[in-house]
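Here is the naming used below: chain letters follow the sequence lines, and residue numbers restart at 1 for every chain.
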Amino acid sequence: MEPLGAEFFLKSTHLLARDLLGKVLVQGDVGGRVIEVEAYQGPSDRAAHSYGGRRTRRTEVMFGPPGTAYVYLIYGMYTCLNVVSAEAGSPEAVLIRALEPIFGVEKMASRRLAKGPLASGPGRLTQALGITLSFNRHRLWCPPLYLADDGYVLEASRVAQGPRIGVAYAKEAAGFPWRYWIQSHPLVSKG
DNA sequence: GTATGGATCCTT
DNA sequence: AGGATCCATACG
């Protein structure tokens, strides 16, 4: 499967979030379809790490070019994968929240110690794909970790939208309907 | 320098 | 319902 080109990522954060649904995330010999994402709209979004334009060692990657991976450690034991979006200098990103496993499923299972969904949930999918902090700043059109289009067509009417998960602390931003998923897909993560 | 809590997941 | 586990961030 061919990687999407760098130009695929150059669009608004919400358009990219929508367009990532249905694409395939590949890591080496393992891959799955993106079925759930969340948009983090930078300085104006209280739930975003870059809220208020905060520019630190951790958030620096969000200021980089679109299509760059932003991988960070959460709760001391899991990682989350984001796709940097918008033009360079605009610190926005799309969090990948769930995948439908497509190939290399046995290998994914072997990386997941616990019972439970293989790749539904941001921490679970990075574990299943072996995405560690070393992939931070990786360009997502370069193997081994890249996004691809396998011809799957997602009708606009099948895209559902609602509040993001785990951002109750973010005051007014907590209710923004910036989580997108494939309607009625059984492997979308639970809030 | 210390304190706090998180874009989560697992087990009881 | 609570614990794991540790770094980024805020504050002094």
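- Residues A:Leu147 and A:Trp141 form no side-chain contact, since every pair of their non-hydrogen atoms from C-beta on lies 4.5 Å or further apart.
- The separation of C:dA1 from B:dA7, taken at their P atoms, amounts to 22 Å, rounded to a whole angstrom.
- One cannot find a donor-acceptor pair under 3.5 Å joining the base of C:dA8 and the side-chain atoms of A:His49.
- With A:Asn82 contributing its side chain and A:Val84 its backbone, the two residues share no donor-acceptor pair below 3.5 Å.
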- request: Give the intermediate values and the outcome of salt bridge (Lys or Arg N to Asp or Glu O under 4.0 Å) for residues A:Arg97 and A:Glu38.
  value: CA-CA 7 Å; A:Arg97 281 199 63 90; A:Glu38 283 176 356; 3.8 Å; yes

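- Applying the 4.0 Å criterion to OP1 and OP2 of C:dC7, one finds that A:Arg57 has every side-chain N and O outside that range.
- Cation-pi geometry between A:Arg33 and A:Tyr152 is met: under 6.0 angstrom from the ring centre, within 45 degrees of the axis.
- Each of C:dT9, B:dA7, B:dC10 was ranked by its minimum atom distance to the side chain of A:Arg112; first place goes to B:dC10.
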query: Which dot-bracket string describes DNA chain C (Watson-Crick N1-N3 plus N6-O4 or O6-N4, or G-U N1-O2 and O6-N3, all under 3.5 Å; [ ] crossing; | other strand)?
result: ||||.||||||.

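- Residue A:Arg139 qualifies as open at atom CZ: its count of foreign heavy atoms under 6.0 Å is 12 or below.
- Within 4.0 Å (heavy atoms only), A:Gly123 reaches sugar-phosphate atoms of the nucleic acid but no base atom.
- Going from atom CG of A:Leu113 over to atom P of C:dT5 covers 13 Å, rounded to whole Å.
- No N or O donor and acceptor, one from the side chain of A:Tyr72 and one from the base of C:dA8, sit under 3.5 Å apart.
- By the 6.0 Å contact criterion, CD on A:Glu2 is open, its count of non-hydrogen atoms from other residues, nucleotides or ligands being 12 or less.
- In this structure, A:Ala114 reaches the sugar-phosphate backbone alone: every heavy-atom distance under 4.0 Å involves primed, P, OP1 or OP2 atoms, never a base.
- Contact check, A:Arg179 against B:dA7: no side-chain N or O comes under 4.0 Å of OP1 or OP2.
- Within the 4.0 Å cut-off from OP1 or OP2 of B:dA7, at least one side-chain nitrogen or oxygen of A:Tyr169 is found.
- Within 4.0 Å of A:Arg164, counting heavy atoms only, lies no atom of the nucleic acid at all.
- Between A:Tyr40 and A:His49, the ring centre distance reaches or exceeds 6.0 Å.
- A cation-pi arrangement is not found for A:Lys107 relative to A:Phe103, the charged atom failing to lie both closer than 6.0 Å to the ring centre and inside a 45° cone about the ring normal.
- Between the CE atom of A:Met62 and the P atom of C:dT9 there is a distance of 11 Å, given to the nearest Å.
- Taking atom P on both B:dT2 and C:dT5, the two are 22 Å apart, rounded to the nearest angstrom.
- Comparing atom distances between the A:Thr56 side chain and each of B:dG6, B:dC10, C:dA8 picks out C:dA8 as nearest.
- Look at NZ on A:Lys115: it is 16 Å from C1' on B:dC9, rounded to the nearest Å.
- Across the protein-nucleic acid pair, A:Arg46 atom CZ and C:dT9 atom C1' stand 16 Å apart, rounded to whole Å.
- Nucleotide B:dG5 holds its P atom 21 Å from the OH atom of A:Tyr78, rounded to whole Å.
- Side chain of A:Leu73, nearest nucleotide from B:dA7, C:dT5, C:dC6: C:dC6.
- The distance from atom CE of A:Met77 to atom C1' of B:dT11 is 12 Å, rounded to the nearest whole Å.
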